[in-house]
Number of protein chains: 2
Amino acid sequence: MENNKMSAFEVTYEKIRDMIFNGELSNGQKITETKLAEQLGVSRTPIREAIKRLEQEKLIAENRVANPTDRDYQNIFEMRILIEKYAIVKAVQFFTDSDVEEMERLVEIGYSGTKEETMEANKAFHERIVAATKNDVMIDYFNQMQSIIYLFRKTVLHYKRPGLIDEHKAIVDAIKDRDASRAERLIEEHLQADLDFALYYLRK
Amino acid sequence: MENNKMSAFEVTYEKIRDMIFNGELSNGQKITETKLAEQLGVSRTPIREAIKRLEQEKLIAENRVANPTDRDYQNIFEMRILIEKYAIVKAVQFFTDSDVEEMERLVEIGYSGTKEETMEANKAFHERIVAATKNDVMIDYFNQMQSIIYLFRKTVLHYKRPGLIDEHKAIVDAIKDRDASRAERLIEEHLQADLDFALYYLRK
DNA sequence: TTTATTATAATTGTATACATAATCAAAGAA
DNA sequence: TTCTTTGATTATGTATACAATTATAATAAA
C-alpha cells in the first residue's frame, strides 16, 4: 500500500517551484511568506521550508525569485560538464545493451515526440548518463542543478535548437562504439552548445 | 559597523554540528527536536531549520546522526577528487607568486604548527585550490562536503598520517613548476591516500 | 528640491499551541 | 510463547501568536 499523501510542505514546494517555472512568479520578484501562505491556503511554516529548499536550488535568493546572470549559468554548466564528462566514461564502460537501447529510445522520442515528451526525454537522457556513476553524492548534486537547468531546457527547446537531437544520437553512437574519448568530447560540445544557445536567446 | 549578532538558528546550527563533531551526539543516535530545543534553550523552530541544513550536509539523515558507510565516504571523495583535479589545473594556470607563497606558508604550518593550526591550514590548503576555479557553484558544493570531510580530517591528523604534509609540499612544487599533469596526479594520489587511511582507522 | 528624521506598517524570526501520525508497551487471543 | 490489538506516550507537522527587525512613507530641515 503506497503512501500517496503529500505533506503541505511538499505540495507547497512544488507549487511555488512551478509558479517560478511558468512565470507566474517572475525573475527578481519579491517573495513574501505571508502572501504566499494566504495564496496557497497554508500557514507560513510549510512555506518557509519550501523557500529554504528553493534557495538551496538557487531558484530563490535574498527573498526574491532568482535572476541568474550569464556568469551563474556558466558556473552551473562548468560544474555540469565536469560531472557529465566523468559520468559518460562510466557509461561507456558499463552500459549494457539494454541501457543503450533505452538511450536510443529516448533519442527517438526527441525526433517524434511532442514538446513535453521531448523535454522529459531530454532530461532522462542526461539523468541516465549521470546515473552511470552510481555515486549518490554526484547524482544528488546533479539533481540540485536541475531546477535552474529546467529553465534553460525550456528555452532551448522552445526555439528548437538545431542539431540537439542529432547530438544526442551521436553521443549514443559513441557509447555503442565504446569510444570514451569521443563520447567525452561530444557531450562537452553538446552541453556547451546548449549553454551558448540559451544564453543567446535569454539575452535577446 | 559589523553585525555580529547571530540568529538563534545560526547559533543552534553550529552547536548541533559541533556536538556531532566532538561526539556528544554519536553516530546513529536519534535526534529529537524537543529534546534539543530544551537542551539548547530555544524553541523547536530554529532547531528544525538547523536540522534541515545538517541533513543537507549529510550529517543528519532520517532523524539520526549520520553513520556514513565506506561507500558514502568513497562517493564523497570521488566527487571531491573530480573537483580538486579540475581546480588544480586552474591553480597551475592562474596562481600568482603571492598565491604560491601563501600555499607554502600553509605547508609550513603543517610542519611546525599545533594540531589545531594544522587542521585549519590543511582545510585552507584545499579551499585555496578550489577557489582557483572562481566558480561559486563548485565552491559551494565543495563547502557542503566539508562537514563530512571534517570528521575524516580529524581522524587522519589524529593518527598523524605519514607523508601528508610532504604531499602538500609536492603539490605546491608542481604548481610552482606550472606542471598541470603532475599536479593533477599528485592531488589525486593525496586524496586517495587520505581516504584509504581514514577508512582503515575508522573501521578498526 | 534634496536630504534627514521619525512614525507607521510590513515582514521576518522565534515561540507556543494544537492536530496528526508514529512509536512503544501492556493486555489479551491464538 | 508468539502474535495482535489497543491504549498511552511521544514526536513531528502545521497553525497561530508575539517580538524584533526592516522597509515604507510622510514630514521637517537644509
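Bear in mind that the values here come from a model prediction, so they are computed numbers and not experimental data. Every chain is numbered from 1 and lettered A, B, ... according to where its sequence line falls, protein lines coming before strand lines.
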**B/S/- contact track for nucleotides 11-17 of chain D, protein heavy atom under 4.0 Å** = SBBBBBB
**ring pair (Phe, Tyr, Trp, His ring centres under 6.0 Å) against A:F142, all qualifying residues, sequence neighbours excluded** = none
**Asked** With pairs taken as Watson-Crick or G-U wobble and both distances under 3.5 angstrom, which stems of at least three consecutive pairs involve DNA chain D?
**Response** C:1-30 with D:1-30
**Prompt:** Less than 4.0 Å between a side-chain N and a carboxylate O, is that true for B:K58 and B:D72?
**Reply:** no
**Request:** Just jot down the salt bridge (charged side-chain N to carboxylate O under 4.0 Å, His left out) partners of B:R185, sequence neighbours excluded, or say none.
**Result:** B:E189
**Request:** Kindly write out the residues that satisfy salt bridge (charged side-chain N to carboxylate O under 4.0 Å, His left out) with A:D18, not counting sequence neighbours, or none if the list is empty.
**Result:** none
**Prompt:** CD of A:E38 versus C1' of C:dT11: gap in Å, rounded?
**Reply:** 14 Å
**Request:** Would you please name every residue forming a side chain to side chain contact (heavy atoms under 4.5 Å, CB included) with B:R44, sequence neighbours left out?
**Result:** B:E33, B:T34, B:A37, B:R48
**Message:** Please list all pairs meeting ring-ring contact (aromatic ring centres under 6.0 Å, His included) that have one or both residues in residues 80-114 of chain B, counting only residues at least two apart or in different chains.
**Reply:** none
**Message:** Restricting to salt bridge (charged side-chain N to carboxylate O under 4.0 Å, His left out), what partner residues turn up for B:E108, sequence neighbours left out?
**Reply:** none
**Item:** All ring pair (Phe, Tyr, Trp, His ring centres under 6.0 Å) counterparts of A:Y150, not counting sequence neighbours
**Value:** A:F21
